[in-house]
Every structure is written in structure tokens, then in C-alpha cells.
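What follows is a set of notes on a single structure, which appears directly below.
The figures here come from the full heavy-atom set of this structure, side chains too, leaving out hydrogens, waters and symmetry mates. So that the names make sense, note that chain A is the first sequence line, chain B the second, and so on, each numbered from 1.
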Number of protein chains: 2
Amino acid sequence: MSEEIGYPKVVPLEPEARTLADRVCRQIVTAIVKGEIPPGHKISEPELARTYGISRGPLREAIRRLEGWRLVERKAHVGARVVKLSAHELIEIYRVREALEGMACRQAAKNMTDAEIESLKRLLDEHEASIEQREGRSYFQKEGDLDFHYRIVQGSKNSKLLELLGDDLYHLVRMYRYQFSVSSSRPKRALKEHRQIIDAIEARDEELAEMLMRRHISAARRNIEDKLDTVTKPEGDKHG
Amino acid sequence: MSEEIGYPKVVPLEPEARTLADRVCRQIVTAIVKGEIPPGHKISEPELARTYGISRGPLREAIRRLEGWRLVERKAHVGARVVKLSAHELIEIYRVREALEGMACRQAAKNMTDAEIESLKRLLDEHEASIEQREGRSYFQKEGDLDFHYRIVQGSKNSKLLELLGDDLYHLVRMYRYQFSVSSSRPKRALKEHRQIIDAIEARDEELAEMLMRRHISAARRNIEDKLDTVTKPEGDKHG
DNA sequence: TCTGAAAATATTGTCGACAATCTTGATCAG
DNA sequence: CTGATCAAGATTGTCGACAATATTTTCAGA
């Protein structure tokens, strides 16, 4: 049994998987996030049932939950498809992240324990070492970045924030990252911003912590917008 | 193949209800929100199947989707229960609303059409008439308030915001309102704040619009906190 | 009477089969 | 040859039955 442990797992939100539907649900999420089931792809119930060796009943329940998490879209009597990537929606997600994680950072500045802060600072040290070592092109940086953000959300001690970001948004974000291969453009700058954020949290400065996080995510959004503009034609309104 | 149109389509709610599971899902949501199925109540599959006259298959799928929307919690081999009311979580929800609707208001100030703004101003006129007429104790105020907020979110033209607030949070907020009977305490003040918000949107002042909405929801949160402090003392149930 | 374990019961989890609907491909009129 | 109509195939939706697990009841022993 190859139990994969050791790397930062960002999905501790699933207590158990004692039932077939739960287990398969997790497998499908992983497959979608990693792109093994590409965006827009039809989800064939008989095919997936054969693949995972289960009946269609639990499979359909898993799909229904994924529908609730907005990873798949379903049409009656037609079938379910993996959500399609759209540059516009990716930007929308980053606007939501800016709002949600800004609030998370504000509450983290208030509710994070000193031990959590210290641990997070050590994580950033690891990130720095990883960046120096691999010249900033590390695969680890992708998951590492999300790990930092996830810990902030955990530190907010706000369970609703954790549910919304952990279940709904981060899956999509990771999927988009696998798709577009973004976010590893300026790891050093991101690391510096991360340090500023944790400093503000350590100083218990709620206002500053929220502002820095919002700036950080807003910068990431603009970075993506620029990258997308080079590929996508600016047919939209460019008036100002 | 790619018939994707790029303009922001903001109509993800109410797709269809052509299937039993979809129809029953909506019925259960309404029942939960209205309190017909009280919070913490066990959801018995055989009982509900008999009630709605369907098999357990579609019912289970509906429950799985409700689980994705966080209206019910499920434990393996034990069953599903309607989410339990907790004062702490209600406050958490309002913190999330502050962040999310603040961002929605910011984007509404940018993306709302003049027609939408005009329509919303007329809605506030109706609210004012309703308040004057019924001395501020109107039942309509409850849904009317949420209607205002929902239109702002629609005006943001951000489909992700609409999904998160519409599917996940507003159901819970309405449920809590039916439970605690809150939010009708200061309708005149709320109306005044609503007018300030729509004025900021009309002036296309994004910063101000976000700030006013955050203040508005933050005030509502503090109002609830005060009310809960006067009531909160029963630490768990006691039976004879 | 109280405690603990084991049987009885009820509920959830899973499966295969059938019905309703959509999609595809073939046939035929223009 | 093009287009529409209709039949064949495939997929989704629904159902009832059986298996696995949790909860409740019962009963024996201290």
C-alpha cells in the first residue's frame, strides 16, 4: 500500500470515507483537479462505474455532491460535465478570494495562536529554501502557496470561511492552476508578500493584515489577467 | 465544438426541475428554510420518501446535493440531520457576508446598469411605503431586505459571488431568520443605509459602496450579537 | 437494581433491472 | 445532393430488493 504522506495535504476537511460514494467522490475530485478528467469532458456514468468498480447508485450520489461543490454541471437527461474553464470566471474567483481571504486574514490576526504563527513562519522558511534551491521554478511552490493561504484560513477560526474556501474555491483554483500552469511566475515576490502578511498577523494588526492579503491576491489576479491578455484578444471594452 | 460565448451570464439559479430529485430537492430546501423540518432534526429516508411519494434513490441524491450546500450534515451509516443552529456560526456567516457582499457592492458600483439602479431605487421606495404603513413591523421587510441584497449581488455580474451567496449563504440566513426572528429591529435605519449604498453605486464610487455595505452588514451583525447576549444563557438542554 | 452483552429491529448503503429521454444514424422526399 | 423525419441505440432517471451497519431492546449475572 503506497500511503502518500509527507507533502502538504490541503484537504483535511473529509473526516472519513467509509462509504463507497465518499471514497469515489474523493477520487473523482482528485481526477478532476489533476486534469485526468479534463474540463468540459462528459462524465459517463456507466464508464466511471466500470472504472471504479462500483454500481451507478453511489456514483450518482458522488456526482450530486460534486454538483453542490460546483465542480461539475448537470443537465437533466443529458448528463454531467466537468466545469469548463473560462478566463472570465477565473478572474471572478480571484475577486471572491480577495474578499474572503482578506476577511480570513483579518480574523487570523485576531484569533491565530502564537504557535500557529510560529509554525507558519517556519513554513515560509522552507518555501524560501525551496525557491533558492530550484531557482523559483519549483512544482512544490504551487501547492506550497495554497498551503500558506489555507493555514491563514484555518487560523481565522471561522468555520464558514474554511468550508467555502476549502470545499468550493480551492478545488477550482487548483484545477485552474493545473490547466493554465499559472502562479509560479514570481515566487520570490509572493514569498516577500507572504512574510509581510504573517508579520502583520503577528503584530495583531487586523486592518493591515486584511489589506496586505487583498493586495496580494489582487496582484495575483492582475498577473493572471496580463497573462491571459497576451493569449486572449482584448475584444471587450477597453475604454477608460 | 466550442460554442462558448464570453459575456457574463448570471443565471445559474433555477435551471430546471424536470427530474424528481431536483423537484424534491427544492421542496426540502423550502421545508428546511421555513422551519417545517427543524434544525438538528433527523432526516429519515423512508419517512421523507413516503411523504413525497418517491423512491429512496432520488431522495438520497437530493440529500447529497443539500449536503454540498451545507444545509444538512451526514454521517456514514447514521443518517443526515438538518444543520444545527449555533449563535457562533450565525456570527461567522455575517462575517462572510460582510466580505462577500462588500466585494459584490464594489463590483456592482462598476457593473450595474442604470436601469438596474433605477429599478432598485424604486424597490426601496416600496420598502419605505411598506415600513410607514405597517409601523416597521412588516413581515415583508424580512424578505424585502434580502431582495435588496440579492439584487446588489446580481448587479455585480460576478457569477461566483452569486453562486456562493445565493446557494450557500442566503438559504442559511433565511433559515436563521425564521428561527431567531431577527432583522426587523431597525427597518428605518436599514432603509437609510440601503439608500446610501445605492447612492454610492449610482455615483460609481466603488470604494465607498464597498465600505458602506460592509458597515451595513457589520451593524446587523453587532445587532444580532447584542440580541443573542440578552438571550444566551442556556448551556445545553436539560430534561427532567 | 444496576451493568453488560447479545439478539432483535430499524435505518442506511449498494446493487441490478426497467422505464423515460436524448442522441445518432439511416431512410426518403424535394 | 441536401434536408427533414423517424427508428435504433445508448444514456440517464427511477424503482424495489438485498446486504451492511447502527441503534434499541432484552435478558442474564452480579
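The local environment of NZ in B:Lys42 is crowded, with over 12 non-hydrogen atoms from other residues, nucleotides or ligands closer than 6.0 Å.
With B:Glu225 as the partner, the salt bridge (charged side-chain N to carboxylate O under 4.0 Å, His left out) test is satisfied by one option alone out of B:Arg221, B:Arg222, B:Lys227: B:Arg221.
Distance CD (B:Glu47) to C1' (C:dT12): 15 Å, rounded to an integer number of Å.
For the pair B:Lys157 (side chain) and B:Asn111 (backbone), a donor-acceptor distance under 3.5 Å is present. Side-chain atoms of B:Ser130 never come within 3.5 Å of backbone atoms of B:Glu126 as a donor-acceptor pair (strictly under, hydrogens ignored).
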Nucleotide by nucleotide, nucleotides 9-25 of chain D touches protein heavy atoms under 4.0 Å in the pattern (B base, S sugar-phosphate only, - none) --SBBBBB----SS---
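Considering only residues two or more places apart in sequence or on other chains, B:Arg50 meets the salt bridge (Lys or Arg N to Asp or Glu O under 4.0 Å) condition with none of them.
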